[in-house]
Amino acid sequence: RKENCVQHMFSQFFILSLRGDILIFRDFRNELLKETTHTFFRHIKVPEKGEPKETPVFTIEGVHFVHVKHNGMYFVLTAKKNIRPNTATELLDRTCTIIGDYCGLVNEEAVRKNFLLIYELVDEVFDFGYPQETATESLKAFVANNPVRTDQSEGFRTIIPPILQKATVSSATANKSVTETSNKEDIFVDLFEFVNVLFDASGHVSRSQVEGEVRIRSFLKGNPKVKLSMNQDLVVGRETLDGAKNYGKSVLDYCIFHDCVQFTEWDVDRTLTFFPPDGQFVALRYSISDTFTPPFRIYPFVEEPGNGQIDLLIRLSADFPQSSTAKKVVVTIPLPRATASASSELEYIHDQTAEFDQINKVLLWKIKELAGGFECSIRVKINLEDVVGNHKRELGPISLGFEIPMYVTSSVFIRSLKIMEAVEGTASRWVRSNSKSGSYQSRIDVSNVQKPRY
């Protein structure tokens with residue numbers, strides 16, 4: 001038990017901006033110097049040789065650093081003793097959520113304007129470096145300061161289409177504090193899916209997985225009973241108790257529920273019953289493997305136009321319905337270390353950019369929007385400094401980042417949302433879905449290099 005406590009003991013907590021400005025700093029045990037903030041920022045910006053940039057966990061001169069990046073800020077925990085990284089990252093994520101629950105949103109302006117409130121919250125979450133309380137509702141009894149509203153949350157009441165309508169857009173109504181009092185009651189339900197796919201060198205899916213979660217943020221008075229119904233064809237587990245295979249359209253590998261969720265109707269019609277606590281929480285987490293169609297296909301081709309030259313042609317295909325549009329599409333292409341220069345030719349110039357990072361030898365292809373059913377391509381012309389060696393093997397793997405609002409990759413969906421004890425017309429219900437990239441990569445086949453076709 002003593003060993004377990006030591007592994008959960010932290011020395012400092014601080015929040016830095018992308019410029020390295022100290023927004024929040026709390027030293028729990030006075031056993032480390034304040035210069036740890038500069039040590040952390042210097043290591044993040046200029047990592048040691050051979051170490052990847054912005055490693056979430058690292059150790060410098062006996063000090064352990066664990067950090068998460070959120071909305072352009074670094075949330076950091078330090079420790080002198082050996083700590084469990086998964087516990088530290090979970091605490092940092094939970095601290096971000098708590099700050100968002102009380103301040104309305106988490107950005108640099110909100111942190112600067114609400115620093116007294118955040119210091120209060122940090123002192124309640126950590127007691128002399130030990131994690132203590134991380135429930136938003138429980139912390140309300142110990143917090144005296146009121147949040148200061150930022151400019152981005154001014155006039156936050158907006159009109160949004162009804163529940164489950166595909167044109168539903170993001171609402172600034174969700175960016176309010178749990179301490180605010182209002183005659184308007186709201187509950188926000190977000191279905192997020194993070195898509196992890198690996199394509200092999202021949203273009204076939206080598207590994208695929210969807211990690212989903214139902215995230216709820218409640219501003220209902222009195223914590224009334226809420227019923228959230230999922231699609232009834234959900235099947236949990238790939239095998240039955242007797243070892244037989246489970247078959248169905250929506251087969252979940254596993255699912256994990258929040259402590260407040262009751263299961264009385266789950267086995268009957270896939271309905272979750274709960275009394276939502278204040279703030280944000282994840283009611284359901286699930287995982288699906290190999291039973292979905294990847295939203296994007298990546299087709300890379302390698303050509304050798306001459307000695308010391310490599311051409312890489314990449315075709316990106318959006319394999320989802322035309323009614324949906326992907327946002328913030330970013331294709332990251334690692335190039336050989338001997339690359340002297342790289343130029344690109346885009347098929348469509350509109351809303352697309354390509355930039356070569358000379359230091360990291362990476363080309364970034366950014367697409368502002370890409371509708372379902374469409375394709376786009378890029379040709380990267382690579383000039384090498386050294387013609388000796390098989391530099392083609394250093395190409396890739398290609399990584400893809402994207403976000404598809406109001407679209408789910410799997411067949412999981414929210415059927416209905418009911419507030420059982422609310423007076424009709426007094427509570428608003430908001431439901432939206434979103435698919436985002438997790439680890440989405442494609443390897444490049446360099447064994448069959450062709451001559452240019454232009």
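These numbers come from the heavy atoms of this one structure, side chains and all, not from hydrogens, waters or symmetry mates. Model, not experiment: these values are computed from the prediction.
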*Asks:* Could you tell me whether Lys328 sits above the aromatic face of Phe402, with NZ or CZ closer than 6.0 angstrom to the six-membered ring centre and within 45 degrees of the axis?
*Replies:* no
*Asks:* Look at the side chain of Glu108 and the backbone N and O of Gly72, then say whether any donor-acceptor pair between them is shorter than 3.5 Å.
*Replies:* no
*Asks:* Judged by modelled atom types alone, do Gln12 and Thr78 share a side-chain donor-acceptor pair under 3.5 Å?
*Replies:* yes
*Asks:* Is there a ring-ring contact (aromatic ring centres under 6.0 Å, His included) between Phe274 and His258? Walk through the geometry before answering.
*Replies:* CA-CA 9 Å; Phe274 54 90; His258 191 270; 8.9 Å; no
*Asks:* With no hydrogens and no angle check, is any side-chain donor or acceptor of Asn114 less than 3.5 Å from a backbone partner on Ala110?
*Replies:* yes
*Asks:* Just checking, any donor-acceptor pair under 3.5 angstrom between side chains of Arg94 and Thr136?
*Replies:* yes
*Asks:* Looking at Tyr299, is Arg315 sitting on its ring face, NZ or CZ under 6.0 Å from the six-membered ring centre and within 45 degrees of the normal?
*Replies:* yes
*Asks:* Would you check, one step at a time, whether the test ring-ring contact (aromatic ring centres under 6.0 Å, His included) holds for Phe58 with His43?
*Replies:* CA-CA 9 Å; Phe58 55 88; His43 181 84; 4.0 Å; yes
*Asks:* I'd like to know if the side chain of Ser435 pairs up with that of Thr409 as donor and acceptor (distance under 3.5 Å, no hydrogens or angles considered).
*Replies:* yes
*Asks:* Name the residue from Leu228, Ile216, Val431 that meets the side chain to side chain contact (heavy atoms under 4.5 Å, CB included) definition with Ile187.
*Replies:* Ile216
*Asks:* Is the Phe28 ring parallel, tilted or perpendicular to the Phe126 ring (thresholds 30°, 60°)?
*Replies:* tilted
*Asks:* Would you mind checking if Arg112 and Asp21 are paired as a salt bridge, meaning a charged N to carboxylate O distance below 4.0 Å?
*Replies:* yes
*Asks:* Any chance OH of Tyr119 has more than 12 other-residue heavy atoms, nucleotides or ligands included, within less than 6.0 Å?
*Replies:* yes
*Asks:* Just by modelled atom types, is the Gly203 backbone N or O under 3.5 Å from a matching donor or acceptor in the Asp200 side chain?
*Replies:* yes
*Asks:* With Phe14 as reference, evaluate Leu23, Val76, Asp27, Val122 under the side chain to side chain contact (heavy atoms under 4.5 Å, CB included) test and give the passing residue.
*Replies:* Val76
*Asks:* Is Glu31 salt-bridged to Lys80, cutoff N-O under 4.0 Å?
*Replies:* no
*Asks:* Looking at Ser410, is its backbone amide N or carbonyl O close enough to the side chain of Glu193 to form a donor-acceptor pair, meaning the two atoms are under 3.5 Å apart?
*Replies:* yes
*Asks:* Strictly below 4.0 Å, N to O, side chains only: are Asp311 and Lys381 in salt-bridge contact?
*Replies:* yes
*Asks:* Are Glu120 and Tyr102 linked by a side-chain donor-acceptor pair shorter than 3.5 Å?
*Replies:* no
*Asks:* Is it true that Tyr254 and Tyr286 have ring centroids separated by less than 6.0 Å?
*Replies:* no
*Asks:* Tell me whether the count of non-hydrogen atoms from other residues, nucleotides or ligands lying under 6.0 Å of NZ in Lys361 goes above 12.
*Replies:* yes
*Asks:* Who are the side chain to side chain donor-acceptor pair (under 3.5 Å) partners of Glu211, not counting sequence neighbours?
*Replies:* none
*Asks:* May I ask you to decide whether Asp190 forms a salt bridge with Arg432, counting only side-chain N to carboxylate O separations under 4.0 Å?
*Replies:* yes
*Asks:* Considering residues, nucleotides and ligands other than Lys368, do more than 12 of their heavy atoms fall under 6.0 Å from its NZ?
*Replies:* no
*Asks:* Side chain of Asn71, backbone of Val106: donor and acceptor closer than 3.5 Å?
*Replies:* yes
*Asks:* Are the side chains of Phe219 and Arg217 in contact, using a 4.5 Å heavy-atom criterion?
*Replies:* yes
